[in-house]
Amino acid sequence: MKSLDEQLKIIKRGVVDIVTEEDLIKKLKRDRPLTIKLGIDPTAADIHLGHTVPLNKLRQFQDLGHKVVLIIGDYTAMIGDPSGKSSERPQLTREKILENVTTYSEQAYRILDKNRLDVVYNGTWFDKLSFAGTLKLVSKFTLAQMLEHDTFDKRFKSGAPLGLNEMLYPVMQGYDSVMINADIEIGGTDQRFNVITGRFLQRESGMEPQVGMFTPILPGLDGKNKMSKSLGNYIGLNDKPEDMFGKVMSIPDGIMINYYELLTDVDMAEIHSMEEAVKNGANPRDFKKKLAFEITKKYRGEQEAKYGREYFEKAFGADKKIPYEANVFKWNFEKDEITIGELLKAVNAAASNSDARRMVEQGGLTINEIKTDDFKRVIKKSELPFTFKAGKKIFGTFQK
RNA sequence: GGGGAGAUUCCAGAGUGGCCAAAUGGGGCAGACUGUAAAUCUGUUGGCUUAUGCCUUCGAUGGUUCAAAUCCAUCUCUCCCCA
């Protein structure tokens, strides 16, 4: 095992808060493998980079010789974590949840070391918890205590709905920690309340409380909101390499360093020197390219990352040569001529004819490199093959 | 159990009988400028092969009216106050 200082240096990278650092050091000093917990809500099947932040942290713990327990919250997912949510969330069926888990784990294993990993469903214990047991558990808490959770407090004060089941969420998550005797729980900063509830419950059960380690919430492509599927500002692990690369390139400069720290293994010293360089006038674009490459490589492999880079440079680089051939579409229409509306809908550039019309009339469409702003134009099958570009990002070629 | 307030387009939020497909802001999309960055500016933002046209939409259903997001009835949901 590495020395305490070495461990701390690795562990603390990208972590914004530790509750408490003294407790952490105390545990590490014992020089035996710790149990690190991460709870997963299998509410969405696909993982995006935002999810990888705590997963990366887990991996670091694994590499240091600690044991990771991934808790699949099949029960908690039936409620849905209310943290940061301004309204109630739809409840998922149990089947849907189990279905999500499969897809989820496939992706999570790209980050975690399967050999040092336990995966447990919290249904394992919640299935057995009787109503009497539940009452006993719940009786440890008061309403005032729950209202310390900012999300609850805000909802309560603003008059938004606040379900009793939602208030049970942190309690359940805390109970998970008791059941697996967690030493450390990893989570985003939005997990603070839930993790601290775990500490409380462990203490109540006569256990040594877990340490909470909080990773920042990763901003999405817009640079403002947290990365999430519902906001559409995410980079998915299953995104095509060219998309992954391109999406990274489109993040605001301001969050680039952030991404480096949280999403790559690039040495902190190097990251800081890049930060310096940018301050002194270097073009952030070049560092962003490296970032895009690192990230794509991590999840898609080196070959794919190279492809993503090439694609990007062709499409948006200095001597722009849009790689129309990279996106090939077949003439799958039942007829020999189609309207522009049909074309744009077929390639997902427009949601409706009206939408398509707007785009065309505003000069967003190019066919065979020629701007086409006549919405009434008809495209004949005999014109194949032809290239098109709709807006900045959607382009391709139609072939027979 | 009693009393009160409210539900509007992706979101926030105006609108209280016709001028309402519905102000304004945000977000989205397109264009200019660029580094697929930021900032800024312009246009656009329910659907329909653009139409001084039609259709769908202001929680749901039914009604009044030449005309309803707006009035009435019932219902559903939410919040507040009292118990």
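A, B, ... follow the sequence lines: proteins, then strands. Residue 1 opens every chain. In what follows, every heavy atom counts, from backbone to side chain, and hydrogens, waters and symmetry copies are set aside.
Side-chain atoms of Arg59(A) come within 3.5 Å of backbone N or O of Ile111(A) as a donor-acceptor pair. Proximity of a side-chain donor or acceptor of Glu270(A) to a complementary backbone N or O of Val266(A) within less than 3.5 Å is not detected. Checking side-chain atoms of Asn56(A) against main-chain N and O of Leu262(A) turns up a donor-acceptor pair under 3.5 Å.
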Per-nucleotide protein contact string for nucleotides 51-58 of chain B, where B marks a base within reach and S marks sugar-phosphate only (heavy atoms under 4.0 Å, - for neither): --------
Contact pattern, 5' to 3', of nucleotides 35-45 of chain B - B, S or - by protein heavy atom under 4.0 Å: BBB-----BSS
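Separation of the Phe388(A) and Phe329(A) ring centroids falls under the 6.0 Å cut-off.
The side-chain heavy atoms of Lys37(A) and Ile186(A), taken from C-beta on, include no pair separated by under 4.5 Å.
At whole-Å resolution of the value, CG in Asp374(A) and P in U50(B) are 13 Å apart. Going from atom CZ of Phe333(A) over to atom C1' of U49(B) covers 15 Å, rounded to whole Å. If you measure from atom CG of Asn348(A) to atom C1' of C29(B), you get 14 Å, rounded to the nearest angstrom. Nucleotide C10(B) holds its P atom 20 Å from the CG atom of Asn233(A), rounded to whole Å. One interatomic measurement links the two molecules: NZ of Lys389(A) to C1' of A30(B), which rounds to 11 Å at whole-angstrom precision.
Separating the C1' atom of U9(B) from that of A23(B) is a span of 13 Å, rounded to the nearest Å. Only the C1' atoms considered, C11(B) is 28 Å distant from C75(B), to the nearest whole Å. Taking atom P in both U44(B) and U36(B), the straight-line distance is 27 Å, to the nearest Å. Look at the C1' atom in both A83(B) and A73(B): the space between them is 30 Å, to the nearest Å. Spacing of C1' atoms, C72(B) relative to G17(B), comes out at 13 Å, to the nearest Å. Rounded to the nearest Å, the gap between the P atom of A22(B) and that of C54(B) is 14 Å. Between the P atoms of A21(B) and G26(B), the separation comes to 25 Å (whole Å). Taking atom C1' on both A68(B) and C82(B), the two are 36 Å apart, rounded to the nearest angstrom.
Applying the Watson-Crick and G-U wobble criteria (two distances, each under 3.5 Å), C20(B) pairs with nothing in any strand. The partner of G1(B), taking Watson-Crick or G-U wobble pairs whose two distances both stay under 3.5 Å, is C82(B). Summarising the base pairing, C10(B) is matched to G26(B) through a Watson-Crick or G-U wobble pair whose two defining distances lie under 3.5 Å. When both distances must be under 3.5 Å, the Watson-Crick or G-U wobble mate of A37(B) does not exist.
Residues Asp355(A) and Leu365(A) each lie close to RNA chain B; by heavy-atom proximity, the contact nearer the 5' end of the strand is made by Leu365(A).
Residues Met244(A) and Ile251(A) share a single hydrophobic cluster, defined by chaining ILVMFWY side chains whose heavy atoms lie under 4.5 Å apart.
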CA sep, side-chain torsions, deciding dist, call: Gln210(A), Ser177(A), side-chain hydrogen bond (donor to acceptor under 3.5 Å, both in side chains): CA-CA 8 Å; Gln210(A) 63 183 0; Ser177(A) 294; 2.9 Å; yes
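Relative orientation of the Trp331(A) and Phe333(A) rings is perpendicular, given thresholds of 30° and 60° on the angle between their planes.
In the model, Asn181(A) has no side-chain atom that pairs as donor or acceptor with a side-chain atom of Thr35(A) under 3.5 Å.
Of the residues Ile255(A), Leu263(A), Asn258(A), Ile235(A), the one that meets the side-chain contact (heavy atoms from CB on, under 4.5 Å) test with Leu218(A) is Leu263(A).
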